There are 2 protein chains.
Amino acid sequence: MATLDDIAKMAGVSATTVSRVINNYGSLSEKTKTKVFAAMKELNYQPNSLARSLKGKKTQLIGVILPGVGNPFFGQMVEEIENQLFNKDFRIILCNAGNDAKKERAYLRMLIANRVDGIIAGSHNLNIEEYQKADLPIISFDRYLSENIPIVSSDNYQGGQLAAQALLASGSKKLQIITGRNRPNSPTNDRLNGFKNIIKQHDLQLDLTEIDFSATPNIKSLKIKELLAKKTIDGIFCTDDLTSLLVMRQAKNLNISIPNDLRLVGYDGTNFIQDYHPELTTIMQPISDIVTMMIDLLLKRIDDPECQLEKNYTLPVKLIAGTSTI
Amino acid sequence: MATLDDIAKMAGVSATTVSRVINNYGSLSEKTKTKVFAAMKELNYQPNSLARSLKGKKTQLIGVILPGVGNPFFGQMVEEIENQLFNKDFRIILCNAGNDAKKERAYLRMLIANRVDGIIAGSHNLNIEEYQKADLPIISFDRYLSENIPIVSSDNYQGGQLAAQALLASGSKKLQIITGRNRPNSPTNDRLNGFKNIIKQHDLQLDLTEIDFSATPNIKSLKIKELLAKKTIDGIFCTDDLTSLLVMRQAKNLNISIPNDLRLVGYDGTNFIQDYHPELTTIMQPISDIVTMMIDLLLKRIDDPECQLEKNYTLPVKLIAGTSTI
DNA sequence: TATAAAATGTCAAACGTTTAACAAAAATAT
DNA sequence: ATATTTTTGTTAAACGTTTGACATTTTATA
C-alpha cells in the first residue's frame, strides 16, 4: 500500500510538500499540486487514517449504539443517521447492543479505544455507569445516561395525549393500553402518562397490560388473543406499531372488526408502517428531525467539548390517521 | 486520556512491561500483572487502537456495504453480521450505499483509508471498478464484483423453482411474475429462470411485470392494482416479500380473495415476515447461514490473503408455506 | 553458594502522518 | 540588477504503541 513517501518520490517532491498538498496548507504552485495529484492517482493512494488520527486529526468516526437494527424504527433511524453523517464526512461504527448490558459496555470501551469522535446512544440498557466516565461527546436518544449527556427525544407525553384523543374521538369507551414492561425512566412511561391525563378527564374504563419488550411475537400474540377474546374492550393504544400489527392480526382471527368493534392506535409511524400498513392510526416520531438534532448537537460538542447544551431536546410528534380509528 | 506511559508510571514498571502485559508476551510474574491491571483499571485505560494498528496490528474493523438497512432483509442481515462479528471480536463500519454508485466508491476509498481488515459487500450498484484494485479481503453477497472476490448467495434458481411448484400445487394456471427492473447479472434473474424452468413443462399462461426496485410503494401499488384489476391471473410470484405485501393489500381492496381467487408466493422470508405476516407463502433465504459463510471466508482471507477460495458458494433456500397458497 | 532460569528494565527503531522552524531556490516586482 | 515574495526542501519531533536486542535484577534449583 502506497505511503506518502512513495508519492513524494514518484512526484519528485518532498514528503512535506505532499502533505501540504493533501492538507491544502502552505503555499503551493499549481504545477506541483498537479504532479502530486497525478502520483496519488497513479499509485491509488489513500492517506492512512490511522496515522493521521494518531497525529491528532479527528477520526471522522461516530459510534452508534442502538438496541438493534432489525426493528424498523431503529433501522430507519440508523439509515437516517448514516445518511446525514455521510454528507458531513463522518462514518459510523454500528453497535447493536440488544438487551445486553455487558455487550453495551464492551462496545463503549471499544469505541473509546478506537478514538471515535463521538457517540450517539439509544440503547435500552440501564445503569451503564461507563457513560459517566467516558470523556467524549455523547448524545442520547430518549434515555437518561448521565448528568451532562443531552437527551433528544420526541414528545412522548404529547404522543400519549394524541393517542387518547384519537380513541376518544372514535367513540371508544373501554380502553386498553398495551405496552412493554415498564422500566423506571422509560420513555413509554410518558406515553402512558399523556394518555391517562386525557382519559382521566372522562369517566372511562382503562386497563393496562404489560408485555415484555423482548418477548417473541408469538408470545405477544398469545397474550393479545387472551385479551381480545374477553371482548370487553373497544379501544387499544399500543406503545409501538409492531405490537399493533399483532393486535390487528388477532382481531381478524377472532372476527373482531377494526374499526367497527375495536379501534386501535399505534406508536412510531415509521416509513415502513406508513407504506405497508397505512390503515393503522399511529403517532409518528419525527425520526429525521430527531437525527438532525442529535447530529447537530454532537458536532457542536465535537467542535467545542466545553459548549453548554440543554439537558433535553423534545420534538413534536404527529398523529397519522388511518382507518383503525374511524 | 491515559497512555501506556501513564500506566507504566503508576504501576512503577517500564512501558515495555505494560505492553508485555497487554499483549501477554514474554515472561511475567503474577505480581506485576496484577499491578499493571490495577493501574489500567484505576486510570480507565484503553490502549489506543490507532497506534496499535499503525504498528501493524489488525484494526478489527470490517466494512459492510449494503443497499440500506431500512429494508427488513438487509436489516436482519446487518444484525446477523454484527452479532457474529462481535463474537469474533470484530466491529463493523456500516455503509449504506443505496443506489448511489458514487457513494459506494467514496465508501470504498474510505474503508481502505481506514485500513479495515476486510469488507463484506452486497450493494446493488454495478461496475464499481474500484473493487478490482482494492487490495484487501472482500466477500460479496449475491453480486459479481471482480474476478477473485467470492460470491456467497442463496440458491436463487432453486428458489424460483420452489415458488413455481407452490403455485402449481395450488392449482394456479394463469401466472404472473412481479420483479424489480432486471439488470444484467442480477440474482433475481436466476429466480425467474428457476421459475420458468418449472412452468415451461406445463402449458400455462405466464406474464412478467417489471417494477423498478427503487419505485415508492405507492407507485408499485398503483401498477399492482392495474394488474389485478384485469382479473386475468390466479397466481403471482413476487421476487421480494415487501412487494407481496402490497399485492395482498391491493387484492383486498379489489375484493380478490387470497388464496381462493389468487395465490401468492413471495421471496426472502425474513424473521419480520415470518413473525408479522405468516400468511404469506415465501422462499426463505438462510440469512444466518449466508452470514456465517461470508464471515468464515472473510476471516480465512484475512488470516491468509493468498488462500484460494471458490468463486461461488450457494446455500439452499426453503419454502415457508403460508395460507397465501392454499 | 554458585548457577541457571525467570522477570524486568533500558533503549531504540518503527508504523505513516502532521507540523513547525528554518533554509534555499525560483519567480516576480522594482 | 536587486529586493521581495512565493514556492519548495530539509530536518526533526511528535502521536501511542509494539517489538527486538540486550542488560540487569530477582527467584528458584542444585
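Not measured: the values here are computed from a predicted model.
- Spacing between atom NZ of B:Lys9 and atom P of C:dT10 amounts to 12 Å, rounded to whole angstrom units.
- Contacts between residues 23-30 of chain A and DNA chain C, counted as heavy-atom distances below 4.0 Å, involve A:Asn23, A:Tyr25.
- Within the nucleic acid shown, A:Thr17 comes within 4.0 Å of sugar-phosphate atoms alone, with no base atom in reach, counting heavy atoms only.
- Protein atom CG of A:Leu4 is 19 Å distant from nucleotide atom P of D:dC15, rounded to whole Å.
- Within the structure, a side-chain polar atom (N or O) of B:Tyr45 is placed less than 4.0 Å from OP1 or OP2 of D:dT17.
- Listed by chain and residue number, B:His124 satisfy the ring-ring contact (aromatic ring centres under 6.0 Å, His included) test with B:Phe213 (two or more places apart in sequence, or in another chain).
- Taking the six-membered ring where the residue is Trp, the centroids of B:Phe73 and B:Phe272 are separated by 6.0 Å or more.
- Taking 4.0 angstrom as the limit, B:Thr32 places a side-chain polar atom (N or O) nearer than this to OP1 or OP2 of C:dT8.
- With hydrogens and angles ignored, a donor-acceptor pair closer than 3.5 Å exists between the side chain of B:Arg20 and the base of C:dG9.
- Using a 4.0 Å cut-off between charged nitrogen and carboxylate oxygen, A:Arg115 and A:Asp117 do not count as a salt-bridge pair.
- The residue from B:Leu61, B:Ile93, B:Leu108 that alone fulfils the side-chain contact (heavy atoms from CB on, under 4.5 Å) condition with B:Ile119 is B:Leu108.
- Put simply, the side chain of B:Thr16 and the base of C:dC11 share a donor and an acceptor less than 3.5 Å apart.
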